[in-house]
Structure formats: C-alpha cells, structure tokens
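These numbers come from the heavy atoms of this one structure, side chains and all, not from hydrogens, waters or symmetry mates.
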Amino acid sequence: MPELPEVETVRRGLEPVMAGQVIADAEVRRPDLRWPFPPNMAKRLQGQIVRGLRRRSKYILADLSSGETLIIHLGMSGRMLVSGQMRGEFFRNHDAKSAHDHVVIHMGNGARITFNDARRFGAMDLVPTDTAEDHWLLSKLGPEPLGNSFNAAYLENALNGRRTPIKSALLDQRVVAGLGNIYVCEALHRAGINPKRHAGRIASPRLGALVPVIRDVLAEAIEAGGSSLRDHRQADGELGYFQHRFLVYDQANKPCQTLGCGGTVRRIVQSGRSTFYCPTCQR
DNA sequence: ACCAGCTCCTGCTTGC
DNA sequence: TGCAAGCAGGAGCTGG
C-alpha cells in the first residue's frame, strides 16, 4: 500500500488518539512481521507516554517517554486501525478480530490501535530516540520530498551520470525518500517526462520542474487521505480518495487526459514493476 | 558502483 | 462456477 501520502494520512489519524497518552497495554499476537519484533516489545511499550508521532519517508516514529522510539513500517498491506471508546465517542472501525491483527496497542484513553498486515511485509522496531534516524532502515534514506533539501540542484546532482530510467531512479529511496510506484508515475506524467528516459540525461529545466510537481502530487494526495486501491485505510477506517484523481496510474488503454494530447495511456514493465504513462505527451 | 531481477507473504482479479 | 495464474502500493539481497 503505502507511500508517503498514505503513511502521513495514517500518522495524522493516530496523532489525536496517541500523542500525549499513555500506553496501558500492548499485545503481540504473532512473533514477527518481516523481521522478528524487538525483544520484549510489548513490555517495553507498556506504561510509556507517547510524546509524539513523527514521519520519516514511509516510516512512522512514535517517541516514547522511556527514551525509546517505536519505528513502524506498513510494508505493502499494513494498516493501523483505531477503535474503542474515547471522549464519549465510540469508534468501531476495527472491532472484529482479523487473522492478520499482529499487534494491538491499548491506550489509557480507551483507544485501541490494531496493526493489521495481511502480507506481513511490514516491520516494527524499538530503538533509542536520539539515534532513531541512524536505524539501518532509515540511515540511507534520501531527503524528504516535501522538505527544503529536496530541490532542483540536489536532484540534478543526485541523478548526474545515472543511466537507470528516471522511473527507477525516483523509486530509489536513497535519491528521494517516500515516493512509490503510484506517485512516481503520476509525477512523471504531470512533468511530461518519459519514464524510460535515462535519469542523467534530462535537461536541468525539466528536472527542476519535476521538483514542484512531485511536491504538488504528494500534497494533493495527503489532502485526499491517500489512495485506496486495495489495502490502504486511514486510521479511522475510511478510504483515501486520491485514486479518483489518477491521470495515468492503473489507467492503461484509456485516453490521456492532458489537454489536446490525444494519446493513450500505456502500461509497461520496468525492473519488474508496472509503469503507466502516455507516450504521446511524455517525452 | 550501478543496476536488473528475485524474494518475502497473502489475497484479490482475471482468464480459461 | 471453479481453478490457477497473474498481479499488487515495499525494499533488501544477490549476482552480473
């Protein structure tokens, strides 16, 4: 599922029920997701106050009063669903137990947060807060696409000399952190760049123009609550809505929507992943 | 160093 | 309707 906008949507959904609240209890129902959980994870979460929830790329970081940070990755199909009774309001977004409820966190305010991940590509780890960003999963990540260090000069330098297709380069989390297949396809379409073009062979003005396009696509997707194709749900269980705004992703054989283009959206495979683009207006 | 391909796992969609 | 193949939003690892 989740690329940056989906993860940010989940983070925003968890913040009001977790931030500043104590973790009353935690249950681990299965010993591992992609990797084994850290030792005694449930016990180490118990009694901690959640100082705040941050996001780095596609990771959610929950800073705890113990001085540790819970790192959460949703993989392809992970969900964080809130249920329970809070402030007199009853949330029933995940009351039925599912076979893939791997971790359940019970907050002192009555909220219950369930980590559900059918494909088990997700991960959790618990590390000291002051070195959380040095975690092996985070240490090699490139800049945040919505941050100031992601700019035209940076991107040109990062892609200089690279012969891999621009599509593959933008999926590389070391180049820019948080993009996935959907938003790379959409951004390249908006920028009019052919996904097969070699990353190091794109003229500066076109690369420069790609930066604000990426920011816009991500910001609009966050605003829409992300994209729900199969698995993504907001923390309250609601769907995201950005999938209705896709111009190319999953639109194979449909007419290109670019004004006056007249082309047809194609699906190709690049390094084993689907790429959707319009050969007419993406050059 | 760079890059394409494979792999982990489960479930939904597609085509025969 | 039934069944199997194909495909899925991530990302680490391997080997050329």
OP1 or OP2 of [N] versus the side-chain N and O atoms of [X]: is any pair under 4.0 Å?
{"X": "A/His100", "N": "B/dC9", "answer": "no"}
{"X": "A/Arg163", "N": "B/dC3", "answer": "no"}
{"X": "A/Arg273", "N": "C/dG10", "answer": "yes"}
{"X": "A/Tyr249", "N": "C/dG9", "answer": "yes"}
{"X": "A/Thr164", "N": "B/dA4", "answer": "yes"}
{"X": "A/His73", "N": "C/dA11", "answer": "yes"}
{"X": "A/Lys58", "N": "C/dA11", "answer": "yes"}
{"X": "A/Ser274", "N": "C/dA8", "answer": "yes"}

Practice task
Look at the side chain of A/Arg120 and the base of B/dC9, then say whether one donor and one acceptor between them are separated by less than 3.5 Å.
Solution key: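 Looking at the base of B/dC9, it does not pair with any donor or acceptor on the side chain of A/Arg120 (distance under 3.5 Å).
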
Practice task
Record whether the side chain of A/Arg119 comes under 3.5 Å of the base of C/dA8 through a donor-acceptor pair of N or O atoms.
Solution key: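 Side chain to base: pair present.
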
Practice task
For C/dC7 versus B/dG5, give the span between their P atoms, rounded off to a whole number of Å.
Solution key: 15 Å

Exercise for the section: Could you check whether A/Phe121 and the base of C/dA11 form a stacked pair, meaning centres closer than 5.5 Å and planes differing by less than 30°? Expected result: no

Reckon [X] touches a base, only the sugar-phosphate, or nothing at all at heavy-atom distances under 4.0 Å?
{"X": "A/Gln173", "value": "sugar-phosphate"}
{"X": "A/Gly180", "value": "sugar-phosphate"}
{"X": "A/Leu171", "value": "nothing"}

Practice task
Just name whichever nucleotide pairs with B/dG15, Watson-Crick or G-U, keeping both distances under 3.5 Å, else none.
Solution key: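 The base-pairing partner of B/dG15, which may sit in any strand shown, is C/dC3.
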
Problem - Sole residue of A/His106, A/Arg112, A/Gln46 in side chain to side chain donor-acceptor pair (under 3.5 Å) with A/Asp25 - result: A/Gln46

Completion exercise
Separation of B/dT10 atom C1' from A/Asp231 atom CG, nearest Å, is 9 Å

Practice task
Write down the distance between CH2 (A/Trp136) and P (C/dG12), rounded to a whole number of angstrom.
Solution key: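 The answer, rounded to whole Å, is 7 Å.
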
Exercise for the section: Indicate yes or no: does A/Arg245 engage A/Glu223 in a salt bridge with an N to O separation below 4.0 Å. Expected result: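 No, this pair does not count.
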
